Amino acid sequence: MTKPVIAIVGRPNVGKSTIFNRIVGERVSIVEDIPGVTRDRIYSSADWLTHEFNIIDTGGIEIGDEPFLEQIRAQAEIAIQEADVIIFMTNGREGVTLADEQVAKILYKTKKPVVLAVNKIDNPDMREMIYDFYSLGFGEPFPISGSHGLGLGDLLDECAKHFPKEDEEQYSEDTIKFSLIGRPNVGKSSLVNAFLGQDRVIVSDIAGTTRDAIDTPYSYDGQEYVIIDTAGMRKRGKVYESTEKYSVLRAMRAIERSDVVLVVLNADEGIQEQDKKIAGYAHEAGKAIVIVVNKWDAVEKDDKTMNLFTQQIREHFLYLHYAPIIFVSAKTKQRVHQILSLVQRVSENHSMRIQSSILNEVIEDAIARNPAPTDKGRRLRIYYTTQVAIKPPTFVTFVNDPELMHFSYERFLENRIRETFDFEGTPIRMIARARD
Ligand code: GDP
Ligand code: GDP
């Protein structure tokens, strides 16, 4: 299921990021703990009552030295492109400004639902300030206060009314959905063309943003695949499409819809910050991952080069220890045909289920070799482990006190599970839960 997306737009200083943070709450992202990966606070999952959605703060996407108007225009266009519902945010204390009208003008072009929010209405006496905003032409303005957290419930209720009906998954259960993620020019489109055997990806800049237009179905060796968001690989046209924040956002959206993510690196340029950010997100999202080092033809090498490169990748992507690495060339097609079988293999691992009886034998054996730790005189007791989910494989261990389950012991158990079963290419989630 694809979650609906809300985007917040509006001129600077109306309170977009304040509201974004309120809605997102204190979600700690493990990506933030990965050294070298900076916080990316413009896109996050969130929930309200029974609704789960993703939210974008378009105000966080700054476009080089473009003039002010160009910036907000681009941000509004991104909202139109990416969102199911748009929150148009204004500042009640300042009334309707020229810049608000400029934003409104761009939003008139979209058929997507726009919910008008008037922020900084910090107390009920100020409510009459919202009437002015009817003139923007988006119907009833919703008074909110980011600093006091007021009115957010009504605002989100209104947004939720416009969420698309749960769309049926359009691909069959057996279809493997994957995406190629990486900085511009690492060779993503060339690789896709190399699988497909023809120049099918770089089509003209089709307007339309329907999912069908951006996904490329493909069948190989009796297996159905869908390459997600091949449109994201098109040559950049609009001014915002070349900004890093936007391409990261685009990548995050593609990752979310994928089972398997191919993190494409350029052998010629080594590993860069943006590579880590995107790979970190794929890991956090629990996707199966293959690291593809492209342009291998362009590297001068001897018999040690591949090992050296592997070592570097392992050092930079410590948390991706489970991801297989493949060295390819889209240009000469060296090993390109192996990519899809690797995708298939890690996808199987990603949805593998382990019988509880076998799993518990492995865990008991692990405990026998390396007894559970004690903390302040109390010993961790492990009663039972069971796999509760696939994609990614998720294991719940029932214990006497989850506080006693240290990260390092959890890692030890994970490693024992990995040594016994083939979970290559997939993250594993371990959860300790108290048994009543
Ligand atoms: P953005 O540029 O639209 O993302 O705006 P920010 O979220 O950075 O907020 C701009 C300023 O407005 C900050 O100083 C906030 O503390 C302040 N602000 C945000 N929401 C409210 C609110 O509801 N009431 C008041 N009085 N100030 C607010
Ligand atoms: P994308 O932006 O990641 O989709 O990258 P492209 O597929 O557009 O490739 C960017 C440039 O790298 C183009 O000039 C390609 O011809 C070149 N390129 C792609 N793959 C290879 C490769 O395996 N070897 C070499 N030498 N060049 C490549």
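In this text the structure is predicted, and so the values were computed from the model without any measurement. Atoms within a ligand are numbered from 1 in the order they appear, just like the ligands themselves.
For Val115 against His162, the heavy-atom pair with the smallest separation is CG2-CD2, 4.2 Å. Shown here for Asp297 and Lys331, the closest heavy-atom pair between the two residues is OD2-CD, 3.7 Å. Between Arg183 and Lys188, the shortest heavy-atom contact is O-NZ, 2.8 Å.
Counting heavy atoms only, Lys120 comes closest to atom 18 (N) of ligand 1 of the residues Lys120, Lys16, Arg11.
The protein heavy atom nearest to atom 20 (N) of ligand 1 is Asn119 ND2, 3.1 Å. Of the protein's non-hydrogen atoms, Ser17 OG, 3.4 Å is the one closest to atom 8 (O) of ligand 1. Regarding atom 24 (N) of ligand 1, its nearest protein heavy-atom neighbour is Ser147 OG, 2.7 Å. Of the protein's non-hydrogen atoms, Thr18 OG1, 2.5 Å is the one closest to atom 7 (O) of ligand 1. In this structure, atom 5 (O) of ligand 1 lies nearest to the protein heavy atom Gly15 N, 3.0 Å. Protein heavy atom closest to atom 10 (C) of ligand 1, with residue, atom name and distance, is Asn13 OD1, 3.4 Å. Looking only at heavy atoms of the protein, atom 23 (O) of ligand 1 is closest to Gly146 N, 2.7 Å.
Considering backbone and side-chain N/O atoms, Ile121 never comes within less than 3.5 Å of an N/O atom of ligand 1. Between Ala330 and ligand 2, at least one pair of N/O atoms sits closer than 3.5 Å. Below 3.5 Å of separation, one finds no N or O of Ile144 facing any N or O of ligand 1. Between Gly187 and ligand 2, a contact under 3.5 Å exists for at least one N or O pair. When only interatomic distances are considered, the shortest N/O to N/O separation between Asp57 and ligand 1 does not fall below 3.5 Å. The distance criterion of under 3.5 Å between nitrogen or oxygen atoms is met by Val186 with respect to ligand 2. Note: an N/O pair closer than 3.5 Å links Asn294 and ligand 2 by distance alone.
When distances from atom 26 (N) of ligand 1 to the protein are checked, a heavy atom turns up under 4.0 Å. The nearest protein heavy atom to atom 13 (C) of ligand 1 is not closer than 4.0 Å.
Not close to ligand 2: Gly182, with no non-hydrogen atom less than 4.0 angstrom away. Using a 4.0 angstrom heavy-atom cutoff, Gly59 does not count as in contact with ligand 1.
In summary, Arg416 and Glu419 engage in a salt bridge, as defined by a charged side-chain N under 4.0 Å from a carboxylate O. Ion pair Arg93/Asp122 flagged as a salt bridge, since at least one NZ, NE, NH1 or NH2 atom sits closer than 4.0 Å to an Asp/Glu carboxylate oxygen.
Side chain to side chain, Glu284 and Tyr319 fail the donor-acceptor criterion of an N or O pair below 3.5 Å. Side-chain contact check for Asn54 and Glu256: at least one donor-acceptor pair (N or O, by modelled atom type) lies under 3.5 Å.
Those atoms of ligand 2 that come under 4.0 Å of a heavy atom in Pro184, given as number and element, are 2 (O). Close approach to Pro12 involves these atoms of ligand 1, each under 4.0 Å from a residue heavy atom: 2 (O). Numbered from 1 in the order shown, with element, the atoms of ligand 1 that lie under 4.0 Å from a heavy atom of Ser145 read 23 (O). Heavy-atom contacts of Ser329 reach the following atoms of ligand 2: 23 (O) (cutoff under 4.0 Å). With ligand atoms numbered from 1 in the order given, ligand 2 contributes 1 (P), 2 (O), 3 (O), 4 (O), 5 (O), 7 (O) to contacts under 4.0 Å with heavy atoms of Lys188.
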> Going through the distances and angles, do Asp100 and Asn91 end up as a side-chain contact (heavy atoms from CB on, under 4.5 Å)?
Replying inline: CA-CA 9 Å; Asp100 291 333; Asn91 176 350; over 6 Å; no

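Each of Asn294, Val186, Val292, Ile313 was checked for a side chain to side chain contact (heavy atoms under 4.5 Å, CB included) with Leu265, and the lone residue meeting it is Ile313. With Tyr322 as the partner, the side chain to side chain donor-acceptor pair (under 3.5 Å) test is satisfied by one option alone out of Arg418, Glu424, Glu414, His283: His283.
Between Tyr220 and Tyr218, the ring planes lie parallel to each other; the angle is under 30°, not in the 30° to 60° tilted range. Ring orientation note: the planes of Trp296 and Phe327 are tilted relative to one another, at an angle of 30° to 60°.
Side-chain atoms of Lys16 do not come within 3.5 Å of backbone N or O of Met89 as any donor-acceptor pair. Under a 3.5 Å cut-off, the side chain of Ser219 and the backbone N or O of Pro217 do not form any donor-acceptor pair.
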